[in-house]
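Below: one structure, written as structure tokens.
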Amino acid sequence: MLVVSVIRKNIDQYSLGLQKRGFKEPMALLNRVIEADELRKSLQAALDEQLNKLNLSSKKIGILMQAGKQDEARQIKLETANIKEESKLLTEKLQMVEKEVRDQLYQIPNIPNEQVAFGVSEADNELIHEGGVLPVLDEKSKPHWDLIADYNLVDFNLGNKISGAGFPFYKNQGARMVRAMINYFLDQAIASGYQEIQPPIIVNEDSAYATGQLPDKEGQMYHLSDTNLYLIPTAEVPLTNIYRDVILKDQDFPVKMVGYTPCFRREAGSWGAHVRGLNRLHQFDKVEIVQIAKPEESYEILQGMIAHIQQLIESLELPYRILRLCGKDLGFSSAITYDFEVFSAGQNKWLEVSSVSNFETYQSNRLKLRYTTEEGKKLLAHTLNGSALAVPRILAAILENNQSSTGIKMPKVLHPYLGFDFISK
RNA sequence: GGAGGGGUGGCCGAGUGGUUGAAGGCGCACGCUUGGAAAGCGUGUAUACCUUUACGGGUAUCGGGGGUUCGAAUCCCUUCCUCUCCGCCA
């Protein structure tokens, strides 16, 4: 959520930023919030004045009562009726306006960083880097959903029976691969100085609001209505919320967390042939890295996170590319996002396997996540996170890219985790 | 799930209707003291919003929400959390 006072100060720059996201009349939108906030302030001032009168009267009455001057006290009591009436009205108005300001702020996404390009579709995402070698496969090569069936690695039918579409059963060497990747990804993050955390995968409403899944993305999450709790769509939610309502001191930095969790996504309305196999699931495994940073350091830290993910993908010997998302494709809360895509040769398709973002203060404003500067000022911190990595699509790419007539070769780095180096019949 | 006890500032802890944003202590900061340190003494030490060039002033906040009252940390309702005992249990 943006800060109104900051919008006011940077209105031209913010307006331009929203244009990058495809907003037609951003200036009007921004001015509307500012005006609503002005109204809020004046109502607040008027209310405070009434409350002040009331407080003064109460004090007087207290003193008179103690002095035994009941009659004088009763006289003042009568006068307070008007004030109370007035402050009640003002309170109601104020609450309405406060809600309006909040609702308007909820509708304004984060302002893109200056590096983010204008764009009208995902075709305008900028290619930043390419790495690895595209595999040359013979024409008998298959997509992973066929390979999975051939080698009995994942059972989708069983998933349908027990849970529903999008809830696969991993079996045999497939299950082993999932477990190996999770462990490998976690170990690599730990080696890069991230603190491992195993968080809950069910969170309350406050947490879902604080990281921005609510109010408008409730369709993304599974909701447990009897207890009003949510299944997490990503470990970002519990990990970042650790720092909700926290004021960090200098010695608390750096804050680097890594967590493995299953992730749950309803993905309402996005089902079809293009999401076959492991490409898109309701439940999947992901290792997530999260950092909290001082504003002046956050972009350097973002580069570090990018480097970490890049190394991870390279170590798996997968062809990949890094894209910087354009304004149109940028997530609502993000100021800048880099997507990592891996080429999956059996489908002849790029699969997004990681998305790393700097949210600047957009999340921390809702989280009330701050830090103390050397001068003792309390400022909003920056939050960043990235996938490192999402398991099923990596699994798919490994299977497809490494297939041959005799079987599937496993990347070297996973051998110690797997206990095997080749999948064959 | 049953029965009971609690949630107060960075921490401990007092406070059951009236100049209480909150005694006292610890911690922390600064100053005095000292050869130096400790002890001692003094001063200061919450957050948010509004207002003021500044000094300052105002409002709200004693788990959250609502109510009673001129006035609530204190009374009532509701909700969350927590502790103890019993039950159940991986």
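Residue numbers begin at 1 in each chain, while the letters A, B, ... track the order of the sequences. Given the structure is predicted, the values throughout are model-derived calculations rather than measurements.
On the C1' atoms, A73(B) is 14 Å away from A23(B), given to the nearest whole Å. A distance of about 36 Å separates the C1' atoms of U20(B) and A3(B), rounded to the whole Å. Nucleotides U8(B) and G67(B), compared at atom P, are 24 Å apart to the nearest Å. With P as the reference atom, U43(B) and A48(B) are 27 Å apart, rounded to whole Å. Separating the P atom of G6(B) from that of C77(B) is a span of 15 Å, rounded to the nearest Å. For the C1' atom pair drawn from C62(B) and U47(B), the interatomic distance equals 13 Å after rounding to whole Å. Across the C1' atoms, G25(B) and G36(B) are found 29 Å apart, a figure rounded to whole Å. Between the P atoms of C89(B) and G13(B), the separation comes to 37 Å (whole Å).
For Asn157(A), the side-chain contact (heavy atoms from CB on, under 4.5 Å) test picks out Asp155(A), Asn160(A), with sequence neighbours left out. Remark: Leu39(A) pairs with Ser42(A), Leu43(A), Val97(A) by the side-chain contact (heavy atoms from CB on, under 4.5 Å) rule, at least two apart or across chains. For Lys88(A), the side-chain contact (heavy atoms from CB on, under 4.5 Å) criterion is met by Glu92(A), not counting sequence neighbours. For the ring-ring contact (aromatic ring centres under 6.0 Å, His included) test, residues two or more places apart in sequence or in another chain that qualify with Tyr184(A) are Tyr417(A). Not a single side-chain hydrogen bond (donor to acceptor under 3.5 Å, both in side chains) links Ser163(A) to another residue, sequence neighbours left out. With sequence neighbours excluded, the residues satisfying side-chain contact (heavy atoms from CB on, under 4.5 Å) with Ile11(A) are Met27(A), Leu30(A), Asn31(A), Ile34(A).
A nucleotide of RNA chain B counts as in contact with chain A when one of its atoms lies under 4.0 Å from a heavy atom; the first and last such, 5' to 3', are G18(B) to G71(B).
For RNA chain B, the residues of residues 79-88 of chain A within the heavy-atom distance limit of 4.0 Å (strictly under) are Thr80(A), Lys84(A), sorted by number.
With hydrogens and angles left out, the side-chain atoms of Asp48(A) and Gln44(A) include a donor and acceptor closer than 3.5 Å.
Here Asp124(A) contributes atom CG and Phe118(A) contributes atom CZ; the two are 11.5 Å apart, rounded to the nearest 0.5 Å.
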Only distances under 3.5 Å count here; give the side-chain donor-acceptor pairs of residues 2-9 of chain A to other protein atoms, sequence neighbours excluded, each with its distance to 0.1 Å.
residue: Arg8(A); atom: NE; partner: Glu38(A); partner atom: OE2; Å: 3.4
residue: Arg8(A); atom: NH2; partner: Asp37(A); partner atom: OD2; Å: 3.3
residue: Arg8(A); atom: NH2; partner: Glu38(A); partner atom: OE2; Å: 3.2

Going by atom type alone, with no hydrogens or angles, which donor-acceptor pairs under 3.5 Å involve a side-chain atom of residues 289-306 of chain A and a protein atom two or more places apart or on another chain?
residue: Gln291(A); atom: NE2; partner: Tyr194(A); partner atom: OH; Å: 3.1
residue: Lys294(A); atom: NZ; partner: Asp250(A); partner atom: OD1; Å: 2.6
residue: Ser298(A); atom: OG; partner: Pro295(A); partner atom: O; Å: 3.4
residue: Ser298(A); atom: OG; partner: Asn358(A); partner atom: ND2; Å: 3.0
residue: Ser298(A); atom: OG; partner: His382(A); partner atom: ND1; Å: 2.8
residue: Tyr299(A); atom: OH; partner: Asn113(A); partner atom: ND2; Å: 3.0
residue: Tyr299(A); atom: OH; partner: Glu360(A); partner atom: OE2; Å: 2.5

For residues 198-211 of chain A, tabulate all N or O donor-acceptor pairs below 3.5 Å that involve a side-chain atom, not counting sequence neighbours.
residue: Asn204(A); atom: OD1; partner: Asp206(A); partner atom: N; Å: 3.4
residue: Asn204(A); atom: OD1; partner: Ser207(A); partner atom: N; Å: 3.0
residue: Asn204(A); atom: OD1; partner: Ser207(A); partner atom: OG; Å: 2.9
residue: Glu205(A); atom: OE1; partner: Asn228(A); partner atom: ND2; Å: 3.1
residue: Ser207(A); atom: OG; partner: Arg244(A); partner atom: NH2; Å: 2.9
residue: Thr211(A); atom: OG1; partner: Ser207(A); partner atom: O; Å: 3.0
residue: Thr211(A); atom: OG1; partner: Gln213(A); partner atom: OE1; Å: 2.8

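Sequence order on RNA chain B of the closest nucleotides to Leu51(A) and Ile247(A) puts Ile247(A) first from the 5' end. Heavy-atom distances to RNA chain B give each of Gln95(A) and Leu56(A) a nearest nucleotide, and the one nearer the 5′ end belongs to Leu56(A).
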Base-pair string, RNA chain B, Watson-Crick plus G-U, cut-off 3.5 Å on both distances, | for inter-strand, is ((((((((.[[[..)..(.....]]]((((((.......))))))((((((....)))))).[[[[[..)....]]]]])))))))....

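Nucleic acid contact class of Lys60(A) (heavy atoms, under 4.0 Å, all strands): none.
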